[in-house]
There are 2 protein chains.
Amino acid sequence: MPKRVDHAERRTEIAQALVRAAGRLGLHAVGMRDVAAEAGVSLRLVQYYFESKEKLLLFGLRQLAAQFGARVAARVRAAGEDPGPRAVIEAVLTAALPVDDESRLFHHLYTSYAVLSVTDEALAAQPFIKDPDAAEATLSGLLRQAADAGLLRPGVDARAEAVGLLAMSAGLGTSVLVGQRDADSATAVLGYHLDRIFRDRPTGP
Amino acid sequence: MPKRVDHAERRTEIAQALVRAAGRLGLHAVGMRDVAAEAGVSLRLVQYYFESKEKLLLFGLRQLAAQFGARVAARVRAAGEDPGPRAVIEAVLTAALPVDDESRLFHHLYTSYAVLSVTDEALAAQPFIKDPDAAEATLSGLLRQAADAGLLRPGVDARAEAVGLLAMSAGLGTSVLVGQRDADSATAVLGYHLDRIFRDRPTGP
DNA sequence: GTCTTTGTGATACGAACGTACCACGTTGGT
DNA sequence: ACCAACGTGGTACGTTCGTATCACAAAGAC
């Protein structure tokens, strides 16, 4: 039965199984056997495509980050063609909020990985510094654009707002995740803070 | 050698050992034997004072939350007697930032517990809903006081600001924890956002 | 002065974990 | 047609985990 197989695709499938299993059991509790069962393959195969658990976890993290990037891009695209700066910014910020199963799963696991990276340096490097830095630069650029277009209230510091808003979005996401707040309320808080940055929108004629 | 012993005190000591060990190894990786070694007692004793690991973890979480509450209170007291509302608010918000070993440890473990509580419902109930709700109410009240005293810029919504600032503080704390940002920068961002809420402080005569 | 409770040590047990090993069918190269 | 590499299954190994068991010394109760 062993036809030649696409390794990259197989690894992706197994990593997706890891993500699903981790969402159910918690990242700390998921084992190689759980991943194998979730993917519908034998334990041996998980070992075959990832030599060790650590490699599997690392690959899972990278895939998670990539998926999230794609999700943000999709959200921005869904904001319509040539949307206003505020729409784009709102799309970026709300993409991280756990409003549905997919984003909830993402937030849960990404936070799990972040906690792991504090004590396990193998996980630390890339996704927790480079990716947020990039997000910060992007958002900061968007705000500066908006400022140049005269859309912002006076005295707004693009960089400080970008950093603060991203942190707020992450923090709100966590509070939604643990059940302290519901998603609508978190969205409303973000909207309020954007209103404090942007000038009042022109009311209809 | 078995003199009569204060159970509560013993449990506290062991729970502190749990916290230290978890800070070193990660909460997911700490076992009963690690706690015993860290506390300098036998495995049996840990079992004796906490019947199961789950009970130990729960007690550790509650103790952590209590310690944090005390820390915030101390910070507020350290702001001087009869400090301005802004000083109190800044003390509350910066108390959660990982600026030293103690606060770093706290933020690390509290986030670990939060992640655990997503899949392990035994941990979920109290500290992740009640405590943040209380913090929110407190901060909201402080802001309302400041507004009544005419210290805030017009149009500020105390509740939305309280929720947003707490979320921002938590998010900034996490970014410091994973090494994306240093503590000073996080403090500066919080300061900037408070400046956007409070009126300009009167410049000296 | 016995006797029950309390605190403590050492150790054993069954399960689960990550990993390693062995065997075998299939495929593509030549 | 043969042979080396690939893909896969089954299973065993050593470790570690949380928990349970057995034994026993000290301290209060009466």
Side-chain angles (χ1 to χ4, degrees), chain A residues 1-61 112-113 116 119-123, chain B residues 1-61 112-113 115-117 119-123:
Chain A
M1 213 182 289
K3 286 180 68 167
R4 216 45 159 274
V5 126
D6 183 343
H7 268 222
E9 187 183 345
R10 208 72 123 121
R11 284 164 62 90
T12 301
E13 280 171 22
I14 294 177
Q16 295 281 24
L18 162 68
V19 167
R20 286 195 303 273
R24 202 162 13 91
L25 309 170
L27 188 62
H28 65 290
V30 69
M32 302 285 275
R33 288 165 176 84
D34 302 307
V35 174
E38 178 73 36
V41 301
S42 73
L43 169 61
R44 179 66 182 89
L45 277 208
V46 180
Q47 284 190 261
Y48 183 70
Y49 289 102
F50 301 91
E51 293 139 48
S52 69
K53 187 185 183 182
E54 193 175 29
K55 300 252 181 70
L56 170 59
L57 285 177
L58 208 69
F59 188 87
L61 172 57
S112 299
Y113 271 113
L116 270 196
T119 45
D120 184 352
E121 51 198 83
L123 277 312
Chain B
M1 213 180 292
K3 287 178 67 167
R4 219 42 161 274
V5 127
D6 183 346
H7 268 225
E9 187 182 345
R10 206 70 123 130
R11 284 163 62 90
T12 301
E13 281 170 23
I14 293 177
Q16 294 281 21
L18 161 69
V19 167
R20 287 195 303 273
R24 200 161 14 90
L25 308 169
L27 188 62
H28 65 289
V30 70
M32 304 283 276
R33 287 163 177 86
D34 302 307
V35 175
E38 178 74 36
V41 300
S42 73
L43 169 61
R44 179 67 181 85
L45 278 207
V46 179
Q47 283 190 260
Y48 183 70
Y49 290 103
F50 301 91
E51 292 138 50
S52 69
K53 187 185 184 183
E54 193 174 30
K55 299 250 181 74
L56 171 58
L57 286 177
L58 207 71
F59 188 87
L61 171 57
S112 300
Y113 272 113
V115 165
L116 270 196
S117 80
T119 44
D120 184 351
E121 52 198 83
L123 277 311

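Lettering of chains follows the sequences in order, A, B, ..., and the numbering in each one begins at 1.
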Next on the checklist: Please list, in numerical order, the residues of residues 45-54 of chain A that have a heavy atom closer than 4.0 Å to any atom of DNA chain C.
Outcome noted: A:Gln47, A:Ser52, A:Lys53
Checklist entry - Nearest of C:dT19, D:dG9, C:dG9 to any side-chain atom of B:Arg44? => result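 Of the options given, the side chain of B:Arg44 lies nearest C:dG9.
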Next on the checklist: Of the listed nucleotides (C:dG18, D:dC17, D:dG18), which one gets closest to any side-chain atom of A:Arg33?
Outcome noted: C:dG18
Side-chain donor-acceptor pairs under 3.5 Å in residues 45-54 of chain A, sequence neighbours left out?
| residue | atom | partner | partner atom | Å |
| --- | --- | --- | --- | --- |
| A:Glu51 | OE1 | A:Lys55 | NZ | 3.0 |
| A:Ser52 | OG | A:Lys55 | N | 3.3 |
| A:Lys53 | NZ | A:Val30 | O | 3.2 |

Next on the checklist: Is there a side-chain contact between B:Ser42 and the phosphate of C:dG9, meaning an N or O under 4.0 Å from OP1 or OP2?
Outcome noted: yes
Calculate the interatomic distance between [X] atom [atom1] and [N] atom [atom2]; express it in whole Å.
{"X": "A:Leu57", "N": "C:dG18", "atom1": "CG", "atom2": "C1'", "result": "12 Å"}
{"X": "B:His28", "N": "C:dG18", "atom1": "NE2", "atom2": "P", "result": "12 Å"}
{"X": "A:Leu43", "N": "D:dG7", "atom1": "CG", "atom2": "C1'", "result": "15 Å"}

Checklist outcome for this item: Residue set satisfying side chain to side chain donor-acceptor pair (under 3.5 Å) with A:Arg24, at least two apart, ordered chain then number -> A:Glu38
Checklist entry - Going by the salt bridge (charged side-chain N to carboxylate O under 4.0 Å, His left out) test, which pairs reach into residues 25-34 of chain B, not counting sequence neighbours? => result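 For residues 25-34 of chain B: none.
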Checklist entry - Say you draw a straight line from CG of A:Leu18 to CZ of A:Arg20; how long is it, rounded to the nearest 0.5 Å? => result 10.0 Å
Which atom pair, heavy atoms only, marks the closest approach of [X] to [Y]?
{"X": "A:Leu57", "Y": "A:Tyr113", "value": "O-OH, 2.9 Å"}
{"X": "B:Gly60", "Y": "B:Ala15", "value": "CA-CB, 4.5 Å"}
{"X": "B:Leu27", "Y": "B:Leu116", "value": "CD2-CD1, 4.0 Å"}

Next on the checklist: What residues from residues 6-21 of chain A pass a heavy-atom cutoff of under 4.0 Å to DNA chain D?
Outcome noted: A:His7, A:Arg10
Next on the checklist: B:Ser117: which residues meet the side chain to side chain contact (heavy atoms under 4.5 Å, CB included) condition with it, sequence neighbours left out?
Outcome noted: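 Side chain to side chain contact (heavy atoms under 4.5 Å, CB included) check on B:Ser117 returns A:Val178, B:Leu123, B:Ala124, B:Phe128.
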